[in-house]
Amino acid sequence: MSSQPPPPPPNDPSGPMDPSEPQQPDPNPMPPSQDSQQAAAQPDLQQYDGQQAPPQQYGGQPGPQQYGGQPNPGQYAAPAGASGVPLTESEEKTWSILAHLSAPVAALVSVGMLNFVGPLIIWAIYKDRSAKVRHASAGAFNFNLSLWIVYAVLVLISVVTFGIAIIITIPVGIIVWIGAMVIHVMAAIKASNGEVYTYPAQLPVLK
């Protein structure tokens, strides 16, 4: 007897479909489950294991992993000119010169009444940022405070003597004023060379 091939099985609707045949859309599609929606919304954290965190988690900014778990080193940098920041050598020279010259400038503006105000302001601002500026401004303040007392005494003598002693007090006041200007200029020259100048005849009020 000759063997004949078995007849082909009938088409099984549940079997694989012929790719040449057009696929029909599912009439009853199943909506995606809530778990699958949450999984799609969550970023795949495994792909960032040991790497930089996804920017989406930090509002488009790099995550802390970028800096090894530490904050951005430039985030808390102290601004230039903040209190407590030491002055540079150039700044020390500049402010020391101004401390010495601010007294005669203030004396000219206030007719000798507020000659100590300029050094006092510089001392209050820079006393904790530079030892040289502190020494210069404190010395200028103490020296000019002594000059203010000398001027006050000369005025008092003139008033008490009903102006008779004015022939003495005025020349003395002019000599004291010229001497003070010379001392301030000498101190400013010393400061421009980076040297420290100590004023003579100063009351030790500021240090």
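Residues forming a salt bridge (Lys or Arg N to Asp or Glu O under 4.0 Å) with E91 (at least two apart in sequence, or on another chain): none. For K93, there are no salt bridge (Lys or Arg N to Asp or Glu O under 4.0 Å) partners two or more places apart in sequence or in a different chain. Remark: I168 pairs with V172 by the side-chain contact (heavy atoms from CB on, under 4.5 Å) rule, at least two apart or across chains. Partners of I167 under the side-chain contact (heavy atoms from CB on, under 4.5 Å) rule, at least two apart in sequence or in another chain, do not exist in this structure. With sequence neighbours left out, the side-chain contact (heavy atoms from CB on, under 4.5 Å) criterion links S96 to K132, V133, A136, A191. Under the side-chain contact (heavy atoms from CB on, under 4.5 Å) criterion, L101 pairs with I97, A188, not counting sequence neighbours.
Between R134 and Y126 there is no side-chain heavy-atom pair separated by less than 4.5 Å. Proximity of F116 to W148: side-chain heavy atoms (C-beta onward) are separated by under 4.5 Å at one or more points. Contact of the I125 side chain with the W95 side chain is not registered, since no non-hydrogen atoms from C-beta on lie closer than 4.5 Å. Looking at L203 and I149, their side chains come closer than 4.5 Å, going by heavy atoms from C-beta outward.
Of all heavy-atom pairs spanning I122 and S102, the tightest one is CD1-OG, 4.2 Å. The two residues G173 and Y151 make their nearest non-hydrogen contact at O-CE2, 4.0 Å. What you find for P119 and A103 is that their closest heavy atoms are CG-CB, 3.9 Å. Contact between N142 and V205 at its shortest, heavy atoms only, is OD1-N, 3.3 Å.
Connectivity analysis of hydrophobic side chains (ILVMFWY, heavy atoms under 4.5 Å, direct or indirect) links V185 to I189.
Hydrophobic cluster membership differs between I175 and V153, with clusters built from Ile, Leu, Val, Met, Phe, Trp and Tyr side chains linked at under 4.5 angstrom. No continuous path of hydrophobic side-chain contacts links V196 to L87 [ILVMFWY only; heavy atoms under 4.5 Å].
Applying the salt bridge (Lys or Arg N to Asp or Glu O under 4.0 Å) test to every pair with at least one member in residues 142-152, sequence neighbours left out, gives no pairs at all. Screening residues 170-188 for side-chain hydrogen bond (donor to acceptor under 3.5 Å, both in side chains) gives N144-H184, H184-Y199 as the qualifying pairs, with residues at least two apart or on separate chains. Within the structure, salt bridge (Lys or Arg N to Asp or Glu O under 4.0 Å) pairs that include any residue of residues 188-207 comprise K190-E195 (at least two apart or interchain).
In this structure, OG on S137 lies 11.5 Å from CD1 on I121, to the nearest 0.5 angstrom. Distance check: M186 CE to Y197 OH gives 4.5 Å after rounding to the nearest 0.5 Å.
Counting only distance, with no hydrogens or angles, the side chain of N115 and the backbone of L145 share no donor-acceptor pair below 3.5 Å. Using a distance-only test at 3.5 Å, with no hydrogens or angles considered, a donor-acceptor pair links the side chain of R129 to the main chain of V85.
Under 3.5 Å, the side chains of S130 and E92 contain a donor-acceptor pair of N or O atoms.
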task: Could you walk me through whether T198 and H135 pass side chain to side chain contact (heavy atoms under 4.5 Å, CB included), step by step?
output: CA-CA 8 Å; T198 301; H135 180 83; 3.5 Å; yes
Listed pairs under 3.5 Å, donor-acceptor, residues 155-163 side chains, sequence neighbours left out:
from: S158; atom 1: OG; to: L154; atom 2: O; distance (Å): 3.0
from: S158; atom 1: OG; to: T169; atom 2: OG1; distance (Å): 2.7
from: T161; atom 1: OG1; to: I157; atom 2: O; distance (Å): 2.8
from: T161; atom 1: OG1; to: S158; atom 2: O; distance (Å): 3.3
from: T161; atom 1: OG1; to: A165; atom 2: N; distance (Å): 3.1

